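Residue indices begin at 1 and follow the sequence shown. For clarity, every value in this text was computed on a predicted model and none was experimentally measured.
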Amino acid sequence: MDHQVPSLKAALGRLYTNLQAKQARGIVPYQVFRSETEALGLSEEARGRLADALTEMKLRIGEPPCRETERAPAQGLATSPRVDAARRLLDRFADSAGRVDPRAVAGVVRLAGLSAHEAEELRSGARISDASVPAPHDAPQAAAQSVPVQAAPVAADQLERAVAAARKVLAEDRFALRPAKRILTAEEEVGLSVLLRGGLQQAGVEPTDEELASLLPSDERRRARDCLVLHNLGLVHSLARQFTDQGLEYEDLVQSGMLGLMRAARKFDLRGYKFSTYATAWVRQMIGRAVADEGSAIRIPVHMHEVMQKVARTERSLLSRGLPIRAADVAVACDLPVAKVDKARLLSRRTDSLDRIINDGVHLGDLLEARTAIPGVEGTVIDTLTARELYAAVAALPERFARIVTWRYGLDGEPPATLDELGKALGITRERVRQLEGKVRPVLELAFTDPAGTPYLTLHRMLTDKWTTASSSNAVHAIWKDLANPDWSAGVGALRAFRGREGDRFPGPDHREGTFPLGQWVDEQREIAGLNGIGMPTHRRVVLESLGMEWQRAPRPIRKRRVPRPATPPAAP
């Protein structure tokens, strides 16, 4: 069966290519479809499923010739309930003469979710006003959208009148006291957009921000853009009031909305909705992004900010209807996972900065009570013991590494030294200081991760180990180089990932962590370590013991119990 799948896919690909070549206006004649599918040996049911699949791929199959006379509703044949419902819906769009627009037919087909056969049945019983063939129901881009009442004019003579009206507005604004209070008409908005783009010849070319920024203030294109923005300031203020109390001042909201309004003026299309309808989406988007980016001390991504707003709106709606607002209820109403609703609620908590100025230079942090000004005795003792262990561990390092750690981190009470200062004091370059610091830091960190809890003794054993002294005269370099070994680091990383996922369990002999044979690697390390782990270098043993590795213990010697001998009886007199 497996060898038939590639051949079937290839045959379907060739079928789709042939049908595309023979289609006309998105419709394939039924006879062509039947002749092409006969070679595949499909049944009528399979051929119907294939036709539906091709319809979803924007390739409709025409009706059989024998069905042209059967689909007329006058013959009283049974129709599907969906077609009846769609026909009743289509009757609402009929005019006084009973005719419907092709766009209405396409919209009803799309809303009702009719198949190709059902759509043809609906069209056959409808009186369509236009004789042209409407676009298929599965091509939403080809379906014409409804035009608003105040649609922008697009004819050449109308564009000329719109430009004349726009220039009249520019002339009147010079003497108007408050020009922003005047609401522009659709014709004036289209004329200003044409002037903004450079005239009738450039009406279809969208200008760029750099192009508009290079214009002089007295240029007609610049004045047209400013006029279009000025007369729609009320739109920005009305939308900005919807985003108050979300972390930004009203002036900042208006400023962000102005940026969206200027972008809408640059991208405004001459056909379609009124400018205020088109600009609303841009203004709302820019204000929403400003609130998400700058509305809180902790920046929240824009997509998560939209989820938070959706959850908040749903909670208000549920409360207004007297319903509970538990996480599960809100998740069902929002169509979101419960975990995402909980995360949105957590992020919705208000945060503030302690550096925010309240009044007269007073910061918010100055008004808060310092509840932990004096540390507790336990904290002081722990800090003292930790510092003592750190000093003892640093003292166990070689002299040059000890000086680098002490001066670099200010362990001697002085401010931390820079790489340049350390290089000058040691007579080496700053890059060499950085390399030495990178080598000694993981060795110190490893000493403090020893489960025994004695960093100084652990570090001393690591530096004086026989393996370390035999491999190199520089013990720190030898340990750092061995820890960076690719095989060793890959095994440690795989074991750490396994332990983090499985807890206290250890991998079996055949376990593989990804592509790494972790079970085999663990057995090899135990075999190398031997009894009590003494066969492995100290630094490797510390790493594996910190991950919970246990070694085979040597059997304790059996001590024979001393059997008391009976006392010798005294000799007879």
Check against side chain to side chain contact (heavy atoms under 4.5 Å, CB included), Phe275 and Asn232: CA-CA 9 Å; Phe275 176 74; Asn232 288 275; 3.4 Å; yes
Test side chain to side chain contact (heavy atoms under 4.5 Å, CB included) on Glu513 and Arg501; report intermediate values, then the result. CA-CA 11 Å; Glu513 189 71 16; Arg501 185 179 66 254; 2.8 Å; yes
I would like to know whether Glu315 and Leu318 meet side chain to side chain contact (heavy atoms under 4.5 Å, CB included); could you show each step before the answer? CA-CA 5 Å; Glu315 289 178 349; Leu318 294 177; 5.8 Å; no
N/O donor-acceptor pairs under 3.5 Å from side chains in residues 300-313, not counting sequence neighbours:
unit_1: His305; atom_1: NE2; unit_2: Gln309; atom_2: NE2; d: 3.4
unit_1: Lys310; atom_1: NZ; unit_2: Cys334; atom_2: O; d: 3.0

Let me have the donor-acceptor pairs involving side chains of residues 221-230, under 3.5 Å, with sequence neighbours excluded, atom names and distances please.
unit_1: Arg221; atom_1: NE; unit_2: Leu196; atom_2: O; d: 2.9
unit_1: Arg221; atom_1: NH1; unit_2: Glu211; atom_2: OE2; d: 2.9
unit_1: Arg221; atom_1: NH2; unit_2: Leu196; atom_2: O; d: 3.4
unit_1: Arg221; atom_1: NH2; unit_2: Glu211; atom_2: OE2; d: 2.9
unit_1: Arg222; atom_1: NH1; unit_2: Leu215; atom_2: O; d: 2.7

Which pairs of donor and acceptor atoms, one on a side chain in residues 166-173, lie under 3.5 Å apart (sequence neighbours left out)?
unit_1: Arg167; atom_1: NE; unit_2: Glu220; atom_2: OE2; d: 3.0
unit_1: Glu172; atom_1: OE1; unit_2: Arg182; atom_2: NH1; d: 2.7
unit_1: Asp173; atom_1: OD1; unit_2: His231; atom_2: NE2; d: 3.4
unit_1: Asp173; atom_1: OD2; unit_2: His231; atom_2: NE2; d: 2.8

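For the salt bridge (Lys or Arg N to Asp or Glu O under 4.0 Å) with Glu206, the qualifying choice from Arg263, Arg266, Arg197 is Arg266, the only one to do so. No option in Gln435, Arg434, Arg441 other than Arg441 meets the side-chain hydrogen bond (donor to acceptor under 3.5 Å, both in side chains) test with Glu437.
The shortest heavy-atom contact between Val105 and Val100 is CG2-CG2, 3.7 Å. The shortest heavy-atom contact between Ser193 and Phe268 is OG-O, 3.6 Å. Across all their heavy atoms, Glu187 and Ala165 have their closest contact at OE1-CB, 4.3 Å.
With contacts defined as side-chain heavy-atom distances shorter than 4.5 Å, the pair Leu319/Leu323 does not qualify. Annotation: side chain of Glu249 is not in contact with side chain of Thr244 (no heavy-atom distance under 4.5 Å). Residues Glu210 and Ser214 are not in side-chain contact: their nearest non-hydrogen atoms beyond the backbone lie 4.5 Å or more apart. Between Glu189 and Thr185, the closest side-chain pair of non-hydrogen atoms is not below 4.5 Å.
The salt bridge (charged side-chain N to carboxylate O under 4.0 Å, His left out) search around Asp420 returns Arg430, not counting sequence neighbours. Residues forming a side chain to side chain contact (heavy atoms under 4.5 Å, CB included) with Val433 (at least two apart in sequence, or on another chain): Leu419, Leu422, Ile428. Remark: Arg496 pairs with no residue by the side chain to side chain donor-acceptor pair (under 3.5 Å) rule, at least two apart or across chains.
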